[in-house]
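Here's the structure we're looking at; comments come further down.
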Amino acid sequence: MTIAPSSANSVSELERLKVLHNGEKQQLTFSDAEFERRLTGLRAIMAAKELDAVILTSYHGIKYYSDFLYTTFGRNYALVVTADDSVTVTANIDAGMPWRTSYGENIVYTDWRRDNFYFGLQEALRQRGVSARRLGVEDDALPLMTRQRIQAAFEGAELLDVSQDAMRQRMIKSAEEIEVIKHGARIGDLGGEAIKAAIREGISEYEVALIGTEAMVHEIARTFPHREVRDTWVWFQSGINTDGAHNWATTRKLQRGDILSLNCFPMTSGYYTALERTLFLGEPDQRSLELWNVNMEVHRRGLELIKPGAVCKDIAAELNEIYIGHGLLPNRTFGYGHSFGVLSHYYGREAGLELREDIDTVLEPGMVVSMEPMITVADGEPGAGGYREHDILVISEDGVENITKFGFGPENNIIQA
């Protein structure tokens, strides 16, 4: 392990790069064979595009191919993949943790010069005997300034986007990935039950959210004791705060008659899952019940439509017709579902697998998608609030498995006040 020179009298004498094999490699989320499978897929993309190497800089790209999920705080991180090797380039502030928790090698860059990250990229290729003529980058998540500096570091090299090809690779889950996702769905259900048990008049949204988060975090720690515990959260909304799907919990206190929205997001080693349900505190009025049942009709039909061979845009079109029949199409707020995997509210998106009118992707075995219809009725109108449900479905050769078990609809989610 190299940490620092034996002595130094000024910052200029400190190393620009380090090798920090501090401790031992830790158990990763997936097997070595799984990471080799992923890297083999990326190298096939490299070969097709005639790339000498790929420099991945996104949270999701680095996590998917190495298992390391960085914390940026304004610093850059990368995974450099060549035909034969992979190496993370990480900041000195993280010390040996990136090496311990990632598949492959690691280079640590220090803060002592502003361009040390880009020097680390150069060194990663130099050490591997790679002359950069054509380099892959992720243009979907690469700031322009960073791209320009990578270009300057490899003068004369051509930078080509690999983000869309890598996204398509991530859309098909392996058996190991599906196992992690199933655990996530199970843990989301546990969070939902904890939240449901905590709902009462006078409790605030954020207090309910904390109860659900704590329940999920404890179960994540029990299920994945060898991985870091991070990023799990809950959006619990009431009344007018249910109008948007991504509204954070507030200090608003629950009142009798409130429409409620339960949203649990357990993060299992960078893998996102979700449970979302509409509830009421006390009996809903007639219009609210009508709206809720319409959304249930869409949700149930959507669950039936998800199957191998179905086309994303066709699913959306058929579900639109149900809303049109009830005069509620303008009340829709987003697409009907999306892919799962390495993503969260601040990184990742497999935009090629969304149940939207402009997506012609065909569903196939190995894909994991949600069904999550939502409508919003404005404040002051009968039945005001946001209505949404969310189930996760795993598509296989044999059909479809709904891995969300938390009940939905008025028969399950009216909480007596």
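From a predicted model like this one, the values you see are computed outputs, not experimental measurements.
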- prompt: Does Arg277 use its side chain to pair, donor to acceptor, with the backbone of Gly407 at less than 3.5 Å?
  reply: yes
query: Cut-off 3.5 Å, side chains only: do Gln26 and Thr101 have a donor facing an acceptor?
result: no
task: Run the numbers on Gln164 and Asp140 for side-chain contact (heavy atoms from CB on, under 4.5 Å), then give the verdict.
output: CA-CA 8 Å; Gln164 301 308 296; Asp140 66 338; 4.1 Å; yes
message: Is a donor from one side chain sitting under 3.5 angstrom from an acceptor on the other, for Ser261 and Arg388?
response: yes
query: Is a salt bridge present between Arg252 and Asp258, judged by a nitrogen-to-oxygen distance below 4.0 Å?
result: yes
Flag if over 12 foreign heavy atoms under 6.0 Å of CD1, Ile240: no
query: Does a donor on one side chain sit under 3.5 Å from an acceptor on the other, for Asn295 and Tyr323?
result: yes
- request: Give a yes/no verdict on a cation-pi contact between Arg38 and Phe30, requiring under 6.0 Å between NZ or CZ and the six-membered ring centre and an angle within 45° of the axis.
  value: yes
Short side-chain donor-acceptor distance under 3.5 Å, Thr29 and Ser269: yes
- request: Check whether the side chains of Glu297 and Trp292 place a donor and an acceptor atom closer than 3.5 Å, and report yes or no.
  value: no
query: In terms of side-chain heavy atoms, does Asn106 have a donor or acceptor partner in Thr88 at a distance below 3.5 Å?
result: yes
- prompt: So do the side chains of Val87 and Leu79 get within less than 4.5 Å of each other, counting heavy atoms only?
  reply: no
task: Among Tyr272, Phe265, Trp233, find the residue that satisfies the ring-ring contact (aromatic ring centres under 6.0 Å, His included) test when tested with His345.
output: Trp233
- prompt: Mind checking whether Tyr77 and Phe68 have parallel, tilted or perpendicular rings, split at 30° and 60°?
  reply: tilted
- prompt: Does a sphere of radius 6.0 Å around CD in Glu411 hold more than 12 heavy atoms from other residues, nucleotides or ligands, not counting ones at 6.0 Å or beyond?
  reply: yes
field: Donor + acceptor pair across side chains of Asp139, Ser163 (<3.5 Å)
entry: no
task: Consider only side-chain N and O atoms of Ser339 and Glu354, and report whether a donor and an acceptor are under 3.5 Å apart.
output: no
task: Step through it carefully: locate the ring centre of Phe340, locate the ring centre of His390, and say whether they are under 6.0 Å apart.
output: yes
- prompt: With distance as the sole test, does Ser288 use its side chain to make a donor-acceptor pair with the main-chain N or O of Pro284 at under 3.5 Å?
  reply: no
message: Is the shortest side-chain heavy-atom distance between Leu39 and Tyr64 below 4.5 Å?
response: no
task: Would you please say whether a donor-acceptor pair under 3.5 Å links the side chains of Ser31 and Glu176?
output: yes
message: Check whether Phe119 forms a cation-pi arrangement with Arg16 (NZ or CZ under 6.0 Å from the six-membered ring centre, at most 45° off the ring normal).
response: yes
- prompt: Can any side-chain N or O of Lys18 pair as donor or acceptor with the backbone N or O of Ile107 at less than 3.5 Å?
  reply: no
query: Is the CZ atom of Phe73 crowded by more than 12 outside heavy atoms at less than 6.0 Å?
result: no
message: Using 30° and 60° as the class boundaries, would you call the ring planes of Phe224 and His183 parallel, tilted or perpendicular?
response: perpendicular
message: Looking only at side-chain N and O atoms, does Asp231 offer a donor or acceptor that is under 3.5 Å from a partner on Tyr346?
response: yes
- prompt: Between Thr223 and Glu219, does any side-chain donor sit less than 3.5 Å from a side-chain acceptor?
  reply: yes
- prompt: Regarding Thr268 and Arg227, is there a side-chain donor-to-acceptor distance under 3.5 Å anywhere?
  reply: no
- prompt: Is the cationic atom of Arg75 (NZ for Lys, CZ for Arg) positioned less than 6.0 Å from the six-membered ring centroid of Phe117 and within 45 degrees of its normal?
  reply: no
query: Does any donor atom in the side chain of His21 or Glu105 lie under 3.5 Å from an acceptor atom in the other side chain?
result: yes
query: Quick one: do the Asp391 and Ser370 side chains pair a donor with an acceptor below 3.5 Å?
result: no
message: Against Leu328, only a single residue in Val298, Thr376, Ile375 fulfils side-chain contact (heavy atoms from CB on, under 4.5 Å); can you say which?
response: Ile375
query: Taking atom types as modelled, is there a side-chain donor on Glu36 or Tyr103 under 3.5 Å from an acceptor on the other?
result: yes
Distance-only side-chain donor-acceptor flag, Asn320 / Tyr336, under 3.5 Å: yes
query: Any side-chain donor paired with an acceptor under 3.5 Å for Glu372 and His338?
result: yes
message: With a 3.5 Å distance limit and no angle check, can you tell me whether Glu138 reaches the backbone of Thr57 through a side-chain donor-acceptor pair?
response: yes
